Protein chains: 2
Amino acid sequence: MKRHVLIFGVVGGLLIATLQYTEYRFVVIQHSVELYGALVAILFAAFGIWLGLRLTRRREIIRETVVVKEVLVPAEAPAPIAPNMAPFAPNAARQQTLGITARELEILTLVARGLSNREIATQLFVSENTVKTHCARAFDKLGAARRTQAVQRGKELGLLP
Amino acid sequence: MKRHVLIFGVVGGLLIATLQYTEYRFVVIQHSVELYGALVAILFAAFGIWLGLRLTRRREIIRETVVVKEVLVPAEAPAPIAPNMAPFAPNAARQQTLGITARELEILTLVARGLSNREIATQLFVSENTVKTHCARAFDKLGAARRTQAVQRGKELGLLP
DNA sequence: GATGTCGTCATTCTTTCGGGTGATTTTGCA
DNA sequence: TGCAAAATCACCCGAAAGAATGACGACATC
């Protein structure tokens, strides 16, 4: 958390130094102090936005509510073609007993959708290595050696739709 | 959300204008363009941080974990505990339109069960290369690039249980 | 007999996966 | 405020998967 402020200070100082150095070479020579100011403004604005995003990243309050929804299932009714009439609730109990974290389950669902590790990484804004780590842990907890097997197990256990 | 960007632009422009105006009155007179740059930098950095904070204000995520509890209606017909009492009839029509052969579908179901190519080859008494060929053809017909994607497509299309 | 489909298998090459290990950072909680 | 869990990322290496091609035999059909 504090690291970012440090980075901000250091890089900011470097920026100022650079700008001040180049100032005497290009900008001021051409009598365009406005350009110099605009450049500083843009750079620091972008940097400030970056810092702001860093500081308040994923700082959400998660209010979890468990809603038990009882669904009457006619016994003779065949399984619906699209089984997603209900938004699907992953079996939280089983997830807990297996020790599968929310992030791992999230990656698992994307795996089940047929995405590659790289695509998942892009979609979640993390590195491919991170995805692989989550995958490996999830596979381990599911006792799966391959991603297809993990998907199969996940569906069996009611973790995946 | 976009309002903040607008505010940012407007206020940023005003700041630049103000600074450019005052520049000729105070700052440049004292030959301190550095001060001018630093001022711009600080102002815009603070402004950027503000914008970043605005944009990603801590959102309160209300996550409702819906636990779907299936209550079987006491019907006259005995309810199938597992919905696969019928051995699952793959959508033959769709299979035909896609031109997927029986052998390809057979391999596809084994893929969906999480078996590796080698395991499939062993189980079917064919070579691993053959399995790969069938896989490739099936993936092509399904428009899938990966086996997980093929499984997902196959389930969507009713080809796989 | 020519044609076409299907199943089988091989080779080469590239990409992706997965295991193993270690490290740092962030976060939630006591 | 400190600790434990979770999340993130990196690196290496071997195995698996997949793409691209070519080939061959069985079988059916015309």
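So you know, we letter chains A, B, ... as the sequences are listed, proteins then strands, and number each from 1. Remember, predicted model here, so these are calculated numbers, not experimental data.
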Got a second to check how far [X]'s [atom1] is from [Y]'s [atom2], nearest 0.5 Å?
{"X": "L124(B)", "Y": "L115(B)", "atom1": "CG", "atom2": "CG", "answer": "9.0 Å"}
{"X": "R146(B)", "Y": "T148(A)", "atom1": "CZ", "atom2": "OG1", "answer": "13.0 Å"}
{"X": "L159(B)", "Y": "R153(B)", "atom1": "CG", "atom2": "CZ", "answer": "9.0 Å"}

Item to check | Sequence-distant partners of Q123(B), side chain to side chain donor-acceptor pair (under 3.5 Å), two or more places apart | outcome: none
Checklist entry - What residues, two or more places apart in sequence or in another chain, satisfy side chain to side chain donor-acceptor pair (under 3.5 Å) together with R103(B)? => result E106(B)
Item to check | Shortest non-hydrogen contact between V111(A) and C135(A), atoms and distance | outcome: CG2-SG, 4.0 Å
Item to check | Distance-minimising heavy-atom pair for L160(A) and T109(A) | outcome: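 Closest approach of L160(A) to T109(A): CD2-CG2, 3.4 Å.
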Next on the checklist: Does T130(B) reach a base, just sugar-phosphate, or nothing at all? Heavy atoms under 4.0 Å.
Outcome noted: base
Next on the checklist: Counting only heavy atoms and a strict 4.0 angstrom limit, can you tell me which residues of residues 142-150 of chain A come near DNA chain C?
Outcome noted: A145(A), R146(A), R147(A)
Checklist entry - By a strict heavy-atom criterion of less than 4.0 Å, which residues belonging to residues 114-126 of chain A are in contact with DNA chain C? => result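 Listed by number, they are S116(A), N117(A), R118(A).
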Rounded off to whole Å, could you give me the [atom1]-to-[atom2] distance for the [X] and [N] pair?
{"X": "E128(B)", "N": "dG7(C)", "atom1": "CD", "atom2": "C1'", "value": "17 Å"}
{"X": "Q95(B)", "N": "dC6(C)", "atom1": "CD", "atom2": "C1'", "value": "14 Å"}
{"X": "H134(B)", "N": "dT5(C)", "atom1": "NE2", "atom2": "P", "value": "16 Å"}
{"X": "Q96(B)", "N": "dC6(C)", "atom1": "CD", "atom2": "P", "value": "10 Å"}
{"X": "L105(B)", "N": "dG7(C)", "atom1": "CG", "atom2": "C1'", "value": "15 Å"}
{"X": "D140(A)", "N": "dT21(C)", "atom1": "CG", "atom2": "P", "value": "12 Å"}

Checklist entry - Hey, which of these two, N129(A) or K141(A), hits DNA chain D nearer its 5' end, going by closest nucleotide? => result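 The answer here is K141(A).
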Item to check | Closest-nucleotide 5' rank along DNA chain D - winner of I107(A) and F139(B) | outcome: I107(A)
Using the test side chain to side chain contact (heavy atoms under 4.5 Å, CB included), find all partners of [X] that sit at least two apart in sequence or belong to another chain.
{"X": "A150(A)", "value": "L108(A), F139(A), L142(A), A144(A)"}
{"X": "T133(B)", "value": "R137(B)"}
{"X": "Q152(A)", "value": "E156(A)"}
{"X": "T97(A)", "value": "R94(A)"}

Checklist entry - In chain order, what residues pass the salt bridge (Lys or Arg N to Asp or Glu O under 4.0 Å) check against K141(B), with sequence neighbours excluded? => result E104(B)
Checklist entry - For R118(B), what residues pass the salt bridge (Lys or Arg N to Asp or Glu O under 4.0 Å) criterion, not counting sequence neighbours? => result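 For R118(B), the residues satisfying salt bridge (Lys or Arg N to Asp or Glu O under 4.0 Å) (neighbours in sequence not counted) are E128(B).
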Next on the checklist: Need to verify one output field. Residue with the more 5' nearest nucleotide on DNA chain C, K132(B) or S127(B)?
Outcome noted: S127(B)
Check: protein-nucleotides 20-27 of chain D nitrogen or oxygen pairs below 3.5 Å:
none

Checklist entry - Does the distance from a Lys or Arg side-chain N to an Asp or Glu carboxylate O, for R113(B) and E119(B), drop under 4.0 Å? => result no
Item to check | Relative orientation of the end axes in the helix from dG1(C)-dC30(D) to dA30(C)-dT1(D), expressed as an angle to the nearest 10° (five pairs per end) | outcome: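 The two end axes of the helix from dG1(C)-dC30(D) to dA30(C)-dT1(D) meet at 50°.
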